[in-house]
Enquirer: 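Have a look at this one.
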Amino acid sequence: MLWDFEKRRKEMVEYQLRLRDITDERVLAAMEKIPRHLFLPVEFWLRAYDDAPVPIGEGQTMSQPYMVAFMTQALRLKKEDKVLEIGTGSGYQTAVLAEIVDKVYTVEVRPYLAARAKEILEELGYALKIIFRISNGHWGYEEAAPYDAILVTAAAPNIPPALIDQLADGGKLVIPVGWPEHQILYRITKQGSTLKKEELLGCIFVPMVSKEEVES
Ligand code: SAH
């Protein structure tokens, strides 16, 4: 029973997502389908469906299921949207995005994590939908801009300007801002030359590596 991952996944969707405020059926279906434990080192498999973040190595974490669902739902995705993710990490959030849209660009600054995420995502059949890049996400991924949605899964003290520049008109950026305390998850919507900024909820993410840290 302990290893019945499918049952645990169904319970996760029911109790942690549906019973809270996750209503987007595509998000719920994606999270019921994707074997979340496979994105973790094997010693953490039994924690994969807990209502909490889980370590993935190098001091990083896979976000809590509810947070993954909430952020994805907040982007209000359409199948044809082009999405940029900053902070590939385990690759789990990338898989959730790839279940919903056709093209996901994902940027990770730590090569080891990026390589592991790429391996499992390819094994699960997502290779054609995902473009991987190892670099500092502070600069976004200019070559493929503009994006209909940008999702950042590490907290920065300020919103990197490149990410705003790379949003399409009407595009949405979901990003945790503030470090180390009082982080807030924001949704920024580009409306012509103006930005609509909404505070969604309080949150705790690992810090985003700054551009200075990588350059030095
Ligand atoms: N979505 C991931 C979250 C991983 S934690 C998951 O659920 O597994 C955040 C990730 O952001 C880490 O892997 C970290 O290495 C990465 N990261 C931190 N700063 C970054 C930066 N400047 N550019 C790209 N990735 C960054």
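Numbering of ligands and ligand atoms starts at 1, following listing order. Fair warning: this is a prediction, and the values are worked out from it, not measured in the lab. Numbering of residues begins at 1 and proceeds along the displayed sequence.
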Enquirer: Please could you name the atoms of ligand 1 that Arg110 approaches to less than 4.0 Å, counting only its heavy atoms?
Expert: 14 (C), 15 (O)

Enquirer: Does any non-hydrogen side-chain atom of Tyr105 lie less than 4.5 Å from one of Glu85?
Expert: no

Enquirer: What atoms in ligand 1 come closer than 4.0 Å to a heavy atom of Val107?
Expert: 24 (C), 25 (N)

Enquirer: Can you check whether Phe39 reaches Leu124 side chain to side chain, under 4.5 Å on heavy atoms?
Expert: yes

Enquirer: Among the heavy atoms of Ser210, does any lie under 4.0 Å from an atom of ligand 1?
Expert: no

Enquirer: If you take the nearest heavy atom of each of Met208, Gln60, Glu108, which one is closest to atom 13 (O) of ligand 1?
Expert: Glu108

Enquirer: Taking side chain as C-beta onward, heavy atoms only, is Glu198 less than 4.5 Å from Thr189?
Expert: yes

Enquirer: Output yes when a side-chain donor or acceptor of Glu32 lies under 3.5 Å from a complementary backbone atom of Lys10, and no otherwise.
Expert: no

Enquirer: Would Arg133 and Tyr141 count as a cation-pi pair here, with the cationic atom under 6.0 angstrom from the ring centre and within 45° of the axis?
Expert: yes

Enquirer: Counting from 1, what ligand 1 atoms have a heavy atom of Asn136 closer than 4.0 Å?
Expert: 21 (C), 22 (N), 23 (N)

Enquirer: Could you tell me which atoms of ligand 1, counted from 1 in the order shown, lie closer than 4.0 angstrom to a heavy atom of Thr88?
Expert: 2 (C)

Enquirer: I want to know if ligand 1 touches Val209 in the polar sense, i.e. an N/O pair below 3.5 angstrom.
Expert: yes

Enquirer: With atoms numbered from 1 as shown, which atoms in ligand 1 lie under 4.0 angstrom from a non-hydrogen atom of Ser135?
Expert: 23 (N), 24 (C)

Enquirer: Hey, any chance Val174 and Leu84 share a hydrophobic cluster, counting ILVMFWY side chains that come within less than 4.5 Å of each other, even indirectly?
Expert: no

Enquirer: Does a side-chain heavy-atom distance below 4.5 Å link Tyr126 with Val104?
Expert: no

Enquirer: Using distance alone, decide if ligand 1 has a nitrogen or oxygen within less than 3.5 Å of any nitrogen or oxygen in Ser90.
Expert: yes

Enquirer: For ligand 1, which atoms, with element, lie under 4.0 Å from some heavy atom of Val206?
Expert: 5 (S), 9 (C)

Enquirer: For ligand 1, which atoms, with element, lie under 4.0 Å from some heavy atom of Leu113?
Expert: 13 (O)

Enquirer: Looking at Arg20 and Asp51, is any side-chain nitrogen of the basic one under 4.0 Å from a carboxylate oxygen of the acidic one?
Expert: yes

Enquirer: Between Thr61 and ligand 1, which part of the residue brings a heavy atom under 4.0 Å of the ligand: side chain, backbone, both or neither?
Expert: backbone

Enquirer: Would you indicate which of Leu151, Val68, Val109 comes nearest to atom 25 (N) of ligand 1 when only heavy atoms are counted?
Expert: Val109

Enquirer: What atoms in ligand 1 come closer than 4.0 Å to a heavy atom of Gln93?
Expert: 1 (N)

Enquirer: Looking only at N/O atoms, are Gly137 and ligand 1 under 3.5 Å apart anywhere?
Expert: yes

Enquirer: Name the option, out of Ala117, Ser63, Pro176, that contains the heavy atom nearest to atom 7 (O) of ligand 1.
Expert: Ser63

Enquirer: Side chains of Gln60 and Thr153: closer than 4.5 Å at any heavy-atom pair?
Expert: no

Enquirer: Do Leu77 and Leu97 have side-chain heavy atoms sitting under 4.5 Å apart?
Expert: yes

